[in-house]
Amino acid sequence: MYPENDHSNKGRNIAIGVIVSLVFVGLFAGCIAVVMQFVQLGRNGNLERWAEANAGDDDDSGLSDYGYYDEDGYFHYYGESEDYGDDNRLGYYDEDGEFHYFDEEYDIREQLDRPTHDEDIEGYATGEYFSFPADNRVDGLAYTVEMKEEEYHDGSATNIYYTYPVVSGDVPNVDQINDTICAEWESLLEYYEEDYKDYMYEGDGILAALDCNVTYMSEDILSVVYQETVYYGEYLDYDTDLYLYCLNFDMKNGQLLEKTGMLDIDEEFVEDFRERSVKQNADSVLDYYDDGEVMYYLEDPYYLILFYCPQGMEIGLNMDEGWVTVTYPDYEDFMKRM
């Protein structure tokens with residue numbers, strides 16, 4: 001008789017141990033892969049965008065608005081390539097997080113097109129409210145205005161498009177007027193060349209449009225307004241500036257008029273400004289600010305928008321969320337009494 005086997009389960013226990021060990025090894029490798037993925041995202045600056053794209057996403061298909069996971073668990077952005085070449089700008093992400101390629105048939109300036117008002121608001125269709133774009137040049141004055149259109153490209157992801165007026169005629173300080181008008185787009189080019197260019201990452205750049213509008217032109221007053229859209233960063237999706245920069249000239253003496261100090265800003269004006277904005281703009285950036293803040297910004301030249309137009313005067317604010325303006329046909333009722 002064979003002796004009793006006290007180790008009949010030994011082989012099975014060994015097999016279970018091997019399987020458990022393999023499971024732990026697999027889990028450990030998976031954790032390492034996930035950690036390396038987050039490290040890589042952090043290194044290339046895409047971690048925040050990845051988190052935004054996958055926030056609250058219960059879909060386990062491996063897809064997102066920004067890219068996909070490969071079979072090894074690594075995340076890839078749509079449009080990525082192992083060899084970017086000299087130009088890393090393959091395309092851009094739109095406001096919905098979808099990637100679009102730049103190709104020969106695509107006009108990059110289409111990305112700069114933005115609506116300036118709600119088409120459903122009746123006042124714009126009837127001409128009661130001022131709207132962009134605007135070319136309100138007139139003939140028969142002592143001076144004329146010619147529009148110039150220029151482009152700046154440096155072979156990378158930076159493309160800047162700008163239009164501006166050139167004044168000529170029998171008016172004082174005409175050269176100074178033109179220098180003041182050109183200073184706006186010149187400052188952007190100077191900023192790029194001297195402060196931005198040397199610190200760009202691969203694929204970084206600026207896409208900008210500075211469209212200058214002649215909003216009002218008479219023997220006494222010339223108002224020009226730059227409607228600016230500027231994208232910064234890799235794939236042009238780090239920061240966006242939406243801004244109005246306005247210049248009003250007294251054409252009798254050729255001097256630039258200061259915006260601040262022209263209006264009598266008080267609590268009554270702020271309340272009226274809010275009411276008109278709701279009617280004209282519906283969804284307004286003013287909703288994010290209380291009356292004290294709105295009053296402060298209306299008195300600050302950095303935020304204040306003020307220019308003449310055929311309807312009267314356009315008054316508004318440049319805010320972080322964008323700009324908002326209100327048409328005042330009765331603006332003289334709110335001017336400071338000298």
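- Two residues are said to be in side-chain contact when any heavy atoms from C-beta on lie closer than 4.5 Å; Tyr297 and Val270 fail this criterion.
- Asn178 contributes a side-chain N or O that, together with a main-chain N or O of Val174, makes up a donor-acceptor pair within less than 3.5 Å.
- Distance alone, capped at 3.5 Å, places no donor-acceptor pair between the Thr163 side chain and the Glu149 backbone.
- There is no side-chain donor-acceptor pair under 3.5 Å between Thr327 and Gln311.
- The shortest distance between side-chain heavy atoms of Ile265 and Met295 falls below 4.5 Å.
- The aromatic ring centres of Tyr308 and Tyr331 sit less than 6.0 Å apart.
- Here the closest non-hydrogen pair linking Pro165 and Val145 is CB-CG1, 3.4 Å.
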Should Lys259 and Asn248 be marked as a side chain to side chain contact (heavy atoms under 4.5 Å, CB included) after you check the CA-CA gap, both sets of side-chain angles, and the distance that decides it? CA-CA 8 Å; Lys259 296 179 296 182; Asn248 304 295; 4.3 Å; yes
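- Aromatic ring centroids of Tyr201 and Tyr199 lie 6.0 Å or more apart.
- Side-chain atoms of Asn281 never come within 3.5 Å of backbone atoms of Val326 as a donor-acceptor pair (strictly under, hydrogens ignored).
- If you check the side chains of Tyr196 and Asp204, you find a donor sitting under 3.5 Å from an acceptor.
- Arg274 contributes a side-chain N or O that, together with a main-chain N or O of Leu286, makes up a donor-acceptor pair within less than 3.5 Å.
- In terms of modelled atom types and a separation under 3.5 Å, the side chain of Thr260 and the main chain of Glu299 share no donor-acceptor contact.
- Glu275 places no side-chain N or O within donor-acceptor distance of the main-chain N or O of Asp272, the cut-off being under 3.5 Å.
- In this structure, CD1 on Ile315 lies 10.5 Å from SG on Cys246, to the nearest 0.5 angstrom.
- In this structure, Asp170 places its CG atom where only 12 or fewer heavy-atom neighbours from other residues, nucleotides or ligands lie under 6.0 Å away.
- With 3.5 Å as the limit, one finds no donor-acceptor pair spanning the side chains of Thr215 and Asn136.
- Note: Phe269 and Phe334 have perpendicular aromatic rings, judged against thresholds of 30 and 60 degrees for the angle between ring planes.
- At a threshold of 4.5 Å between side-chain heavy atoms, the hydrophobic network of Ile, Leu, Val, Met, Phe, Trp and Tyr places Tyr231 and Leu244 in two separate groups.
- Grouping the Ile, Leu, Val, Met, Phe, Trp and Tyr side chains by contacts below 4.5 angstrom, directly or via other members, places Phe249 apart from Ile305.
- In plain terms, the two heavy atoms of Ala134 and Ser131 that are nearest each other are CB-O, 4.1 Å.
- Heavy atoms only, all atoms of each residue included: Ile121 and Lys279 are closest at CG2-O, 4.1 Å.
- Classification of Lys252 and Asp250 as a salt-bridged pair fails, no side-chain N sitting under 4.0 Å from a carboxylate O.
- Residues Phe273 and Gly316 share a closest heavy-atom pair of CZ-CA, 3.9 Å.
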Evaluate Leu188 against Tyr162 for side chain to side chain contact (heavy atoms under 4.5 Å, CB included), listing each step before the verdict. CA-CA 10 Å; Leu188 178 58; Tyr162 53 99; over 6 Å; no
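- The aromatic rings of Tyr303 and Tyr296 lie tilted to each other, with the angle between the two planes from 30° to 60°.
- A 6.0 Å sphere centred on OH of Tyr288 holds no more than 12 heavy atoms belonging to other residues, nucleotides or ligands.
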Please report the C-alpha distance between Tyr216 and Glu314 in whole Å, then the side-chain angles of each, then the deciding distance to 0.1 Å, and finally whether the side-chain hydrogen bond (donor to acceptor under 3.5 Å, both in side chains) criterion is met. CA-CA 11 Å; Tyr216 189 76; Glu314 200 74 3; over 6 Å; no
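- Note: Lys148 NZ to Cys212 SG = 14.0 Å, rounded to the nearest 0.5 Å.
- Distance check, rounded to the nearest 0.5 Å: CD of Glu258 to CG of Leu304 gives 11.0 Å.
- Side-chain contact between Leu256 and Gln176 is absent, with no heavy-atom pair separated by less than 4.5 Å.
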Worked check of side chain to side chain contact (heavy atoms under 4.5 Å, CB included) between Leu207 and Tyr161: CA-CA 8 Å; Leu207 171 62; Tyr161 307 87; 4.0 Å; yes
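- Closest heavy-atom contact between Met217 and Leu141: CG-CD1, 3.7 Å.
- Ring planes of Tyr245 and Tyr243: parallel class, angle under 30° (limits at 30 and 60°).
- Under a hydrophobic-cluster definition in which Ile, Leu, Val, Met, Phe, Trp and Tyr are linked whenever side-chain heavy atoms come within less than 4.5 Å, directly or via other members, Tyr129 and Tyr328 are assigned to different clusters.
- Between Met251 and Val167, some side-chain heavy-atom pair lies under the 4.5 Å cut-off.
- Not one N or O on the side chain of Asp241 forms a donor-acceptor pair closer than 3.5 Å with the backbone of Glu228.
- Looking only at distances, a side-chain donor or acceptor of Asn213 sits under 3.5 Å from a matching main-chain atom of Asp211.
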Trace of the side chain to side chain contact (heavy atoms under 4.5 Å, CB included) decision for Leu257 with Ile221: CA-CA 10 Å; Leu257 297 173; Ile221 298 292; 3.8 Å; yes
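- Here the CG atom belonging to Leu242 is positioned 13.5 Å from the CE atom belonging to Met319, to the nearest 0.5 angstrom.
- Grouping the Ile, Leu, Val, Met, Phe, Trp and Tyr side chains by contacts below 4.5 angstrom, directly or via other members, places Leu306 with Val214.
- Hydrophobic cluster membership is shared by Leu263 and Tyr289, with clusters built from Ile, Leu, Val, Met, Phe, Trp and Tyr side chains linked at under 4.5 angstrom.
- The minimum heavy-atom distance linking Thr126 with Gly123 is given by the pair OG1-O, 3.3 Å.
- Once rounded to the nearest 0.5 Å, the distance linking CD of Glu146 with CZ of Arg137 reads 8.0 Å.
- Once rounded to the nearest 0.5 Å, the distance linking CD1 of Ile160 with CG of Leu189 reads 5.0 Å.
- Between Trp185 and Tyr164, the angle of the ring planes lies from 30° to 60°, which puts this pair in the tilted group.
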